[in-house]
Amino acid sequence: MLNPGTQQQIPVTLIPGDGIGPEIVDVVERVFDALGNPFAWDKQQAGLNAFEKSGDLLPETTLSSIRQTGLALKGPLTTPIGGGFRSVNVRLRETFQLYANVRPARTIVPGGRYEKIDLVMVRENLEGLYVGHEHYVPIGDDAHAVAMATGINTRAGSRRIAKFAFDYAVRNNRKKVTIVHKANVLKALTGLFLETAKQVGLNYADQIEFNDRIVDACAMQLVLNPWQFDVLVSTNLFGDILSDQIAGLVGGLGMAPGANIGEGAAIFEAVHGSAPDIAGQGLANPTALLLAAALMAEHKGLHKVARDLRDAIDATVATVDGRTADIGGKVSTSKYGDLLIERIRDKK
Ligand code: NAD
């Protein structure tokens with residue numbers, strides 16, 4: 001627990017988001033109050049809620065808050081389909097040059113399909129096929145006869161993310177980094193990434209083992225024998241797909257946190273989206289966002305806060321009575337928050 005009065009609160013931009021966002025953010029706020037609240041939340045809007053109020057999915061006031069705090073915890077944001085809207089998540093990553101997406105996954109709920117999973121996916125967050133260079137080529141009266149997309153990987157971007165992954169491995173006492181690619185087919189686009197990441201790996205050879213896997217074989221190996229992996233690093237699209245797969249190994253999207261890290265800012269979030277199918281029904285699992293907040297605490301050196309929060313989560317979901325519906329239990333979003341708070345207070 002923090003010792004009130006001896007620690008200054010750290011300013012954080014808090015974005016409730018939409019869909020299930022506000023209900024899971026409410027649990028995060030209540031649980032952090034019980035932990036002694038090391039963060040001073042600056043609540044800002046983005047996504048559909050912001051659009052309804054200001055006509056902008058990502059208002060300037062929200063951007064300016066993140067510029068000042070350099071730190072944000074973000075609930076999920078719905079991207080309206082069609083209408084020319086660009087994903088707010090992608091815009092945030094680009095605006096703050098959040099080049100590294102870190103998605104750790106570890107087994108918390110016992111008795112699932114896989115025990116003792118402890119993996120970290122490091123995904124390049126700004127390049128690849130997500131640069132959004134897409135267009136159609138019309139043929140005859142079909143305006144959309146051909147669709148084209150351009151992927152862009154740079155040597156500098158590949159070096160930066162590979163270095164991040166190896167440094168992360170060293171800092172977190174990890175043993176191995178696996179470079180994931182498709183260099184047998186996309187010889188330039190992911191060949192450059194593979195070649196550069198291997199060169200970076202050689203600089204860490206006395207500390208960290210490294211190997212590489214073709215993305216399709218890697219996906220199969222993650223199902224057959226996930227324990228052979230430790231830290232994985234990949235380009236934007238492959239990293240996106242594999243991190244959802246890895247989340248599936250530990251109980252699904254409700255359990256998977258993510259961090260977007262840049263030189264001057266870091267934004268923490270759940271891997272999942274706004275889940276409109278269950279919004280407002282008390283069914284959402286806030287664990288992924290709580291674990292994202294634990295990553296944020298660690299990022300700021302608040303290791304005890306992160307440990308206390310993870311201990312409370314582990315102990316609560318250890319029995320079925322402490323689980324939300326997505327992981328086989330019956331407790332509501334808010335009741336789950338109450339159970340965590342009871343545990344945190346009991347430990348004080
Ligand atoms: P989703 O992640 O919102 O939902 C997928 C499935 O998982 C749904 O059945 C949902 O009910 C369930 N689920 C997700 N989170 C859960 C939780 N915490 N507890 C219990 N069940 C949970 O994906 P989607 O339906 O494809 O996307 C919905 C919207 O979210 C889209 O507009 C998409 O663009 C957006 N999205 C946002 C982010 C983000 O803000 N980082 C990420 C992904 C998707």
Side-chain angles (χ1 to χ4, degrees), residues 13-28 31 44-52 57-58 62 66 72-96 98 101-103 105 108-109 121 123 125 130 132 236-237 239-248 250-261 266-293 295-296 313 317 322-337 340:
T13 306
L14 180 64
I15 303 173
D18 43 59
I20 59 171
E23 13 180 347
I24 59 176
V25 164
D26 177 65
V27 172
V28 171
V31 166
Q44 296 289 341
Q45 297 296 332
L48 286 186
N49 291 344
F51 189 73
E52 276 154 22
L57 286 168
L58 187 54
T62 302
I66 302 174
L73 181 68
K74 187 178 79 55
L77 305 174
T78 303
T79 301
I81 294 173
F85 293 106
R86 262 201 102 205
S87 158
V88 176
N89 298 305
V90 173
R91 277 172 64 197
L92 278 171
R93 287 169 202 160
E94 286 175 354
T95 305
F96 294 101
L98 307 172
N101 188 294
V102 186
R103 293 181 170 181
I108 301 178
V109 183
M121 180 83 228
R123 158 190 172 193
N125 223 9
Y130 281 61
N236 209 337
L237 179 60
D240 191 14
I241 297 168
L242 290 184
S243 54
D244 272 33
Q245 186 189 352
I246 291 168
V250 297
L253 287 172
M255 308 299 288
N260 299 285
I261 314 274
I267 300 184
F268 297 80
E269 63 183 346
V271 169
H272 62 72
S274 55
D277 54 334
I278 57 166
Q281 299 170 41
L283 291 172
N285 185 352
T287 307
L289 194 63
L290 284 162
L291 291 173
L295 291 177
M296 183 168 76
I313 291 172
V317 302
R323 296 179 196 161
T324 46
D326 58 309
I327 51 170
K330 285 194 182 137
V331 292
S332 69
T333 310
S334 125
K335 177 72 190 159
Y336 175 69
L340 291 175

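Order of listing sets the numbers, starting from 1, for every ligand and every atom in it.
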Taking 4.0 angstrom as the limit and counting only heavy atoms of [X], give me the atoms of ligand 1 inside it, by number and element.
| X | result |
| --- | --- |
| Ala284 | 19 (N) |
| Glu269 | 41 (N) |
| Pro76 | 40 (O) |
| Asn89 | 37 (C), 38 (C), 39 (C), 40 (O), 41 (N) |
| Pro276 | 28 (C) |
| Leu77 | 35 (C), 36 (N), 37 (C), 40 (O) |

**Message:** Quick check against the 3.5 Å criterion: does Asp18 have a side-chain atom that pairs as donor or acceptor with the backbone of Leu48?
**Reply:**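 Side chain of Asp18 to backbone of Leu48: a pair is present.
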**Asked** Are the side chain of Thr62 and the backbone of Leu58 linked by a donor-acceptor contact shorter than 3.5 Å?
**Response** no
Closest non-hydrogen protein atom to [atom], residue and atom name please, with distance?
| atom | value |
| --- | --- |
| atom 29 (C) of ligand 1 | Ser274 OG, 3.2 Å |
| atom 6 (C) of ligand 1 | Leu253 CD1, 4.5 Å |
| atom 9 (O) of ligand 1 | Asp277 OD2, 2.9 Å |
| atom 43 (C) of ligand 1 | Gly273 CA, 3.5 Å |
| atom 14 (C) of ligand 1 | His272 CB, 3.7 Å |
| atom 21 (N) of ligand 1 | Ile278 CD1, 3.5 Å |
| atom 3 (O) of ligand 1 | Ala275 N, 2.7 Å |

**Request:** Go through Val250 and Ile108 one step at a time and tell me if the side chain to side chain contact (heavy atoms under 4.5 Å, CB included) criterion holds.
**Result:** CA-CA 7 Å; Val250 297; Ile108 301 178; over 6 Å; no
**Prompt:** Going through the distances and angles, do Ile66 and Ile15 end up as a side chain to side chain contact (heavy atoms under 4.5 Å, CB included)?
**Reply:** CA-CA 10 Å; Ile66 302 174; Ile15 303 173; 4.2 Å; yes
**Message:** Does either side chain, that of Tyr130 or that of Ser87, offer a donor lying less than 3.5 Å from an acceptor on the other one?
**Reply:** no
**Item:** Minimum heavy-atom distance Gly254-Asp326, with the two atoms named
**Value:**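 Smallest heavy-atom distance, with atoms named: CA-OD2, 3.8 Å.
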**Request:** Considering non-hydrogen atoms only, spot the tightest contact between Thr78 and Ser274 and give its length.
**Result:**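 Looks like OG1-OG, 2.7 Å.
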**Request:** Report the residue from Val102, Asn125, Asn89 that forms a side chain to side chain contact (heavy atoms under 4.5 Å, CB included) with Asn260.
**Result:** Asn125
**Message:** Which residue in the set Val31, Val25, Ile24 passes side chain to side chain contact (heavy atoms under 4.5 Å, CB included) when paired with Val27?
**Reply:**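 Single side chain to side chain contact (heavy atoms under 4.5 Å, CB included) partner of Val27 among Val31, Val25, Ile24: Val31.
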**Prompt:** So Asn101 and Met121, side chain to side chain contact (heavy atoms under 4.5 Å, CB included) or not? Walk me through it.
**Reply:** CA-CA 8 Å; Asn101 188 294; Met121 180 83 228; over 6 Å; no
**Message:** Please confirm whether Val271 approaches ligand 1 to less than 4.0 Å, judged on its heavy atoms.
**Reply:**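 Val271 counts as a contact of ligand 1 under the 4.0 Å cut-off.
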**Request:** Please state whether Ala288 comes within less than 4.0 angstrom of ligand 1, counting heavy atoms only.
**Result:**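 It does not, in that no heavy atom of Ala288 comes within the 4.0 Å cut-off of ligand 1.
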**Request:** Compute both the distance and the angle, then confirm whether Arg103 meets the cation-pi test with Phe268: under 6.0 Å from the six-membered ring centre, within 45 degrees of the axis.
**Result:** no
Mind checking whether [X] contacts ligand 1 via backbone (N, CA, C, O), side chain (CB onward), both or neither, at a 4.0 Å heavy-atom cut-off?
| X | result |
| --- | --- |
| Thr78 | both |
| Thr324 | neither |
| Asn285 | both |

**Request:** Would you mind finding which of Asp326, Ile20, Asp18 brings a heavy atom closest to atom 16 (C) of ligand 1?
**Result:**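 Answer by nearest heavy atom: Ile20.
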**Asked** For atom 40 (O) of ligand 1, is the nearest protein heavy atom under 4.0 Å away?
**Response** yes
**Asked** Does atom 24 (P) of ligand 1 have a protein heavy-atom neighbour under 4.0 Å away?
**Response**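 Under the 4.0 Å cut-off, atom 24 (P) of ligand 1 has no protein heavy-atom neighbours at all.
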**Prompt:** In chain order, what residues pass the side chain to side chain contact (heavy atoms under 4.5 Å, CB included) check against Ile327, with sequence neighbours excluded?
**Reply:** Val109, Met255, Asn285, Val317, Arg323, Thr324
**Message:** According to side chain to side chain donor-acceptor pair (under 3.5 Å), who are the partners of Glu23, at least two apart in sequence or on a separate chain?
**Reply:**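 Not a single residue meets the side chain to side chain donor-acceptor pair (under 3.5 Å) criterion with Glu23.
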